[in-house]
Peer 1: 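The structure is given below, and queries will be raised subsequently.
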Amino acid sequence: MCILRLSALGDVTHVLPVVHTLQAQWPDIRISWIIGKLEHRLVGALPDVEFLPYDKAGGWRAWRALRRQLAGRRFDALLLMQLSARANLVSTAVRARRRIGFDRGRSKEGHGLFINERIAPATGGHVLDSLLQFPAALGAAETQLDWTLPTSDADRAWAAEQLSGREPFAVISPSSSHPRRNWRAEHYAALADHLSARHGLNIVLSGGPSAAEKELSARIAAAMQHPSLDLTGRDTLPQFIALLRRARLLVSPDSGPAHMAAIAGIPVLGLYAATDPQRSGPYLWREHCVNAYREAASRYLGKDAGELRWGTKIEQDGVMDLITPAMATDAVDKLLLTLP
């Protein structure tokens with residue numbers, strides 16, 4: 001079996017239940033996964049999977065390297081689980097009897113030219129729901145909502161060292177890949193201070209190494225009245241998972257970390273206005289998201305959210321300002337009341 005899903009970080013976490021579903025149905029299955037190099041750093045410890053890291057910036061050179069790597073190999077099935085021109089091109093390096101892709105309603109970028117079977121058509125639903133239709137197309141009888149991924153002793157030790165004397169704590173990962181999905185620094189700071197004062201939680205700020213992410217975390221820390229630990233740009237992806245495993249809560253906009261929290265098994269307060277949390281929110285915590293998507297659809301597009309094509313993004317200037325600090329503090333109070 002060959003899975004082709006290159007990116008992004010959040011989406012590759014959705015592939016973990018797919019892999020566990022396949023392995024539960026067919027314990028002797030051999031799975032190869034063509035994946036982006038960055039994403040491989042996150043899930044590369046997954047056992048019993050052959051990873052084929054692909055350099056997405058490598059162009060034809062990367063494609064030729066993959067083709068040489070797969071020369072002489074033939075798979076029983078290819079699961080083409082990504083809708084992009086690049087994924088279509090990469091798929092031509094894979095020889096497979098069955099080439100399973102998305103239904104016509106969700107296809108784009110010429111996807112249908114590179115497959116010979118389709119998953120069942122569906123409307124709505126979460127991204128993960130659509131990916132779980134791939135093992136169903138193969139005959140898997142039962143879905144495994146399982147994000148199990150090993151954490152190394154070294155990564156656990158790193159997390160313990162950083163957090164010495166700071167537990168219990170909440171993690172705020174404030175940056176999305178799209179800046180218009182980000183909340184204001186002063187709003188994050190108000191929510192962080194509420195978590196400290198009302199719930200007795202220390203605050204850990206986290207994010208990637210880019211200048212923009214470091215700047216946003218620094219502005220949040222500066223606006224807070226309570227102290228925080230800023231680890232932005234200082235951890236690896238596996239170390240971040242080890243950090244989350246010890247956390248009480250993650251706060252995040254629509255971003256990879258909102259989905260990575262499922263690996264750690266912790267609750268997520270998602271902040272959503274530019275995108276619909278019913279489609280792209282943290283799967284197990286969608287009903288607890290701060291959801292301003294319907295208001296965004298009305299204000300920016302003049303439509304009810306139900307009239308929009310599924311997956312429509314409303315990435316407009318100021319859209320996240322539809323979420324107020326009071327909305328977030330109310331939501332987090334309700335979420336924490338549900339926890340043991």
Side-chain angles (χ1 to χ4, degrees), residues 1-22 31-46 49 51-57 78-91 100-103 106-109 111 115 119 122 124-136 143-149 173 175-178 181 208 237-238 240-241 244 250 252-264 268 270 272 274-286 289 310-313 315:
M1 182 73 57
C2 182
I3 292 173
L4 201 168
R5 179 79 212 195
L6 299 172
S7 59
L9 287 172
D11 288 322
V12 299
T13 67
H14 299 328
V15 180
L16 294 177
V18 173
V19 170
H20 289 303
T21 296
L22 292 169
I31 298 174
S32 301
W33 182 352
I34 303 172
I35 187 172
K37 285 188 172 182
L38 172 64
E39 292 74 17
H40 178 242
R41 296 177 199 168
L42 173 63
V43 299
L46 186 65
V49 174
F51 285 97
L52 302 170
Y54 187 82
D55 182 4
K56 291 178 286 186
L78 165 69
L79 306 185
L80 183 48
M81 303 175 70
Q82 188 158 347
L83 293 166
S84 71
R86 175 165 52 199
N88 292 340
L89 171 64
V90 174
S91 77
I100 304 173
F102 288 91
D103 57 284
R106 284 175 284 194
S107 291
K108 59 182 180 180
E109 304 276 359
H111 180 76
I115 59 176
I119 61 173
H126 194 274
V127 172
L128 175 55
D129 294 324
S130 66
L131 297 187
L132 286 169
Q133 289 179 267
F134 281 83
T143 291
Q144 304 292 321
L145 288 178
D146 184 353
W147 287 266
T148 299
L149 185 71
S173 182
S175 295
S176 170
S177 59
H178 197 301
R181 298 182 195 173
L237 290 170
F240 178 65
I241 297 299
L244 289 182
L250 171 71
S252 177
D254 185 0
S255 66
H259 307 294
M260 291 158 64
I263 300 172
V268 182
Y272 283 72
T275 55
D276 185 353
Q278 293 305 315
R279 179 186 182 274
S280 56
Y283 191 79
L284 299 177
W285 299 94
R286 284 171 286 173
C289 288
W310 192 247
T312 297
K313 298 178 176 63
E315 293 166 336

Peer 1: Quick check: does any side chain N or O of Y272 sit under 3.5 Å from a backbone N or O of S280, one acting as donor and the other as acceptor?
Peer 2: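 Here the side-chain-to-backbone pair exists.
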Peer 1: Taking atom OG of S84 and atom CG of L4, what is their separation to the nearest 0.5 Å?
Peer 2: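 If we round to the nearest 0.5 Å, S84:OG and L4:CG are 8.5 Å apart.
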Peer 1: Just verifying a value: how many Å separate L131 CG and L79 CG, rounded to the nearest 0.5 Å?
Peer 2: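 These two atoms lie 10.0 Å from each other.
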Peer 1: Any non-hydrogen side-chain atom of P282 less than 4.5 Å from a side-chain atom of C289?
Peer 2: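 Contact flag for P282/C289 side chains = yes.
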Peer 1: Of all heavy-atom pairs between W310 and G125, which one has the smallest distance, and what is that distance?
Peer 2: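 Looking at all heavy atoms of both residues, the shortest contact is NE1-O, 2.9 Å.
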Peer 1: Quick one: are M81 and F134 in side-chain contact, heavy atoms under 4.5 Å?
Peer 2: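 A side-chain contact exists here, since the closest heavy-atom pair is under 4.5 Å.
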Peer 1: What are the two closest heavy atoms between V127 and H14, and how far apart are they?
Peer 2: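 So the two residues come closest at CG1-CD2, 3.8 Å.
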Peer 1: Only counting residues at least two apart or in another chain, list the ones meeting ring-ring contact (aromatic ring centres under 6.0 Å, His included) with H40.
Peer 2: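 Partners of H40 under the ring-ring contact (aromatic ring centres under 6.0 Å, His included) test: F51.
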Peer 1: For I35 and L52, run side-chain contact (heavy atoms from CB on, under 4.5 Å): C-alpha distance rounded to whole Å, both residues' side-chain angles, the deciding distance at 0.1 Å, then the answer.
Peer 2: CA-CA 6 Å; I35 187 172; L52 302 170; over 6 Å; no
Peer 1: Quick one: are L284 and V268 in side-chain contact, heavy atoms under 4.5 Å?
Peer 2: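 No, side chains not in contact.
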Peer 1: Which atoms form the tightest heavy-atom contact between V18 and P135, and what is the distance?
Peer 2: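 Scanning both residues completely, I find the closest heavy atoms to be CG1-CD, 3.9 Å.
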Peer 1: Is there side-chain contact between L42 and P238, with at least one heavy-atom pair below 4.5 Å?
Peer 2: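 Side-chain contact under 4.5 Å: no.
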Peer 1: Just wondering, are more than 12 heavy atoms of other shown residues or ligands nearer than 6.0 Å to NZ in K37?
Peer 2: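 Open: at most 12 neighbouring heavy atoms sit under 6.0 Å from NZ of K37.
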Peer 1: Can you list the steps and then say if L80 with N88 is a side-chain contact (heavy atoms from CB on, under 4.5 Å)?
Peer 2: CA-CA 8 Å; L80 183 48; N88 292 340; 3.9 Å; yes
Peer 1: Looking only at heavy atoms, which two atoms of S7 and K56 are closest? And how far apart?
Peer 2: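 So the minimum-distance heavy-atom pair works out to CB-NZ, 3.1 Å.
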Peer 1: Start with the C-alpha gap between V49 and V43, add the side-chain angles, then the distance that decides, and say whether side-chain contact (heavy atoms from CB on, under 4.5 Å) holds.
Peer 2: CA-CA 10 Å; V49 174; V43 299; over 6 Å; no
Peer 1: Kindly compute the distance separating OG1 (T13) from CG (L128), expressed to the nearest 0.5 Å.
Peer 2: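 Taking OG1 in T13 and CG in L128, the distance rounds to 8.0 Å.
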Peer 1: With D11, which residues qualify under side-chain hydrogen bond (donor to acceptor under 3.5 Å, both in side chains), at least two apart?
Peer 2: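 Result, side-chain hydrogen bond (donor to acceptor under 3.5 Å, both in side chains) vs D11: R5.
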Peer 1: Using side-chain heavy atoms (C-beta onward) and a distance below 4.5 Å, is H111 in contact with I115?
Peer 2: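 Counting from C-beta outward, H111 and I115 do come under 4.5 Å.
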Peer 1: How long is the straight-line distance from CZ of R41 back to CG of L9, given to the nearest 0.5 Å?
Peer 2: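 Going from CG on L9 over to CZ on R41, the span is 9.5 Å.
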Peer 1: Nearest 0.5 Å please: distance from the CG atom of L16 over to the CG atom of L46.
Peer 2: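 Taking CG in L16 and CG in L46, the distance rounds to 6.0 Å.
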Peer 1: Between atom CD1 of I119 and atom CZ of F102, what is the distance when rounded to the nearest 0.5 Å?
Peer 2: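 One gets 5.5 Å once the value is rounded to the nearest 0.5 Å.
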Peer 1: Establish, from distance only, whether the side-chain atoms of S176 and D254 form a donor-acceptor pair under 3.5 Å.
Peer 2: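 Distance-only check fails for S176 and D254.
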Peer 1: When you measure from the side chain of T21 to the backbone N and O of Q144, does any donor-acceptor pair fall under 3.5 Å?
Peer 2: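 A pair under 3.5 Å: yes.
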Peer 1: Determine whether Q82 and V90 make a side-chain contact, defined as any pair of heavy atoms from C-beta on separated by less than 4.5 Å.
Peer 2: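 Side chain of Q82 against side chain of V90, heavy atoms only: no contact under 4.5 Å found.
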Peer 1: Quick check: closest heavy atoms across S91 and L78, and the distance to 0.1 Å?
Peer 2: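 That would be CB-CD2, 4.0 Å.
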Peer 1: Hey, does I34 have a side-chain heavy atom less than 4.5 Å from the side chain of C2?
Peer 2: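 They are in contact (side-chain heavy atoms under 4.5 Å apart), so the answer is yes.
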Peer 1: So, are R106 and D103 salt-bridged, with charged N and O less than 4.0 Å apart?
Peer 2: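 Result for this pair is yes, salt bridge flagged.
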Peer 1: Which atom pair, heavy atoms only, marks the closest approach of H126 to P277?
Peer 2: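 In this case the closest contact between H126 and P277 is CD2-O, 4.2 Å.
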Peer 1: Are the side chain of H20 and the backbone of T148 linked by a donor-acceptor contact shorter than 3.5 Å?
Peer 2: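 Yes, because the side chain of H20 sits within donor-acceptor range (under 3.5 Å) of the backbone of T148.
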Peer 1: Carefully, step by step, assess S32 and I3 under the rule side-chain contact (heavy atoms from CB on, under 4.5 Å).
Peer 2: CA-CA 6 Å; S32 301; I3 292 173; over 6 Å; no
